[in-house]
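In what follows, a single structure is set out as structure tokens and then discussed.
Quick note: numbers below take in every heavy atom, side chains included, and nothing from hydrogens, waters or symmetry partners. Each chain gets a letter, A, B and so on, in the order the sequences are listed, and its residues count up from 1.
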Protein chains: 2
Amino acid sequence: MGVKKKIKGQLIVLSGPSGVGKSTVIAELMGQRDNIYFSVSYTTRQPRVGEQDGVNYNFVDRAEFERMIADNELLEYAEYVNNYYGTSLKAIRDQLDAGHDVLLDIEVQGAAKVRERCPDALFIFIIPPSFEELSRRLHGRNTDSEDVIAGRLEKARIEFREIPKYDYLVINDKVSNAVGEIEAIMTAAECRVDNRSQILSQFA
Amino acid sequence: MGVKKKIKGQLIVLSGPSGVGKSTVIAELMGQRDNIYFSVSYTTRQPRVGEQDGVNYNFVDRAEFERMIADNELLEYAEYVNNYYGTSLKAIRDQLDAGHDVLLDIEVQGAAKVRERCPDALFIFIIPPSFEELSRRLHGRNTDSEDVIAGRLEKARIEFREIPKYDYLVINDKVSNAVGEIEAIMTAAECRVDNRSQILSQFA
């Protein structure tokens, strides 16, 4: 009865406003699922205190980043405040080809670029149960001033307008609910007839 | 944090060859999920020993069935050996509108008709892990002659050609796996952005 059900990994693109609890959801998901790989971004900016190379970011110098651009190794990249930030397409492809799922935590503009090159990825947007709750969570962090929080909430409102471009909407009212929904989305995608054509060919 | 995540029920169309274990999968699924309704077919044929009205079929007379046809109450129907068999669209719509999911166990031709009228339904085809296993299961029932089993296997091969018309392919290697995959498919569909537009509108 040993059917190989899964042939190729899936790319999962996660977006959501600051404060929605994405990192917690991702950590939980990584712990619960096998063969899942979190795509760590590349950046030319200096590591902050406590940040680890290969964990928070892959820290590279400008020359190396520009080589990656020239060699078309990046799925998407952007420059903010004189520093590059980008996603390695090569690293993702290697993982997908090895049958691993790849998780990408990316903002709405980056996600739109990923959609162009990887239309088959699963695009998931995570929302809080309400704006009031998002505000509460941002205040609860005790790290940002009122102005910064107001700015994050305003940014969230703008990002929410892009949700129709996503495939799935997950509500993080409770981490276990959000993780369960993302797992279901991943499992359902594995069951798509298109993704199981090799299984079908065993019956031809 | 009380977000109403689900507004409308989903129609799930299940097909699969005789012997694949569909009834067991359906019974398990019904036991595990709330608010799920199994659509019982209508027929004009006489009940067999042990069959219950409203459970195995809704048994109606020819006049009533023809009234349902005339009133456009049927999602699909067919006539075999002078008896009508059909699916009530009205019963399904009532359940969906009440927020219940509706499960439909139907052959490939019937499923194609359902697709025409309910393109948003989830079309799931259940296969065995192998043809050998399907043959083993059919033999294990001890109810059919070799000729009948050969006929069922041949019919399965023909049905399998229609799988590309389905959305999802579920492998019943183990009932719990198949049920888990169907549940994931249903949950993922609930998470589709289109199905959660009413949640989104709370943030507008």
Side-chain angles (χ1 to χ4, degrees), chain A residues 1-6 17 122-134 136-137 153 156-174 177-204, chain B residues 1-6 17 122-134 136-137 153 156-174 177-204:
Chain A
M1 290 221 206
V3 194
K4 193 168 183 243
K5 295 185 191 175
K6 192 162 168 183
L122 304 173
F123 290 81
I124 303 175
F125 198 97
I126 306 178
I127 57 168
S130 68
F131 251 103
E132 294 65 39
E133 175 60 22
L134 184 62
R136 247 192 308 275
R137 290 182 192 173
L153 288 171
R157 278 189 200 278
I158 294 166
E159 285 170 348
F160 281 16
R161 291 187 203 135
E162 306 299 315
I163 293 177
K165 294 182 185 164
Y166 285 74
D167 303 312
Y168 298 100
L169 185 61
V170 162
I171 303 148
N172 188 20
D173 50 354
K174 226 178 112 186
N177 288 348
V179 171
E181 290 191 343
I182 296 170
E183 288 209 89
I185 291 165
M186 292 170 68
T187 300
E190 288 169 16
C191 297
R192 285 181 191 164
V193 167
D194 292 346
N195 290 338
R196 292 196 152 163
S197 52
Q198 295 197 37
I199 292 171
L200 248 195
S201 64
Q202 297 170 25
F203 290 94
Chain B
M1 290 220 205
V3 194
K4 192 171 183 242
K5 295 185 190 175
K6 190 162 171 185
L122 304 173
F123 290 81
I124 303 175
F125 198 97
I126 306 179
I127 57 168
S130 67
F131 250 102
E132 294 66 39
E133 176 59 22
L134 184 63
R136 247 191 309 275
R137 290 183 192 172
L153 288 171
R157 279 189 200 279
I158 294 166
E159 285 170 347
F160 281 17
R161 293 188 202 134
E162 305 299 314
I163 293 177
K165 294 182 185 163
Y166 285 73
D167 303 313
Y168 298 100
L169 185 61
V170 162
I171 302 149
N172 188 20
D173 50 354
K174 227 179 112 186
N177 288 346
V179 170
E181 290 190 344
I182 296 170
E183 288 209 88
I185 291 164
M186 293 170 67
T187 300
E190 287 169 16
C191 296
R192 285 181 192 163
V193 167
D194 291 346
N195 290 339
R196 290 195 154 163
S197 53
Q198 295 197 38
I199 293 170
L200 248 195
S201 66
Q202 296 171 25
F203 289 93

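The CG atom of L200(A) lies 9.0 Å from the CD1 atom of I171(B); values are rounded to the nearest 0.5 Å. A distance of 10.5 Å separates CG of D194(B) from OH of Y168(A), quoted to the nearest 0.5 Å.
Counting heavy-atom pairs closer than 4.5 Å to chain A, the top residue among I182(B), V170(B), D167(B) is D167(B). Residue with the most contacts toward chain B among T187(A), I127(A), I124(A), I163(A): I163(A) (heavy-atom pairs, distance under 4.5 Å).
Of all heavy-atom pairs spanning A188(B) and A184(A), the tightest one is CB-O, 3.9 Å.
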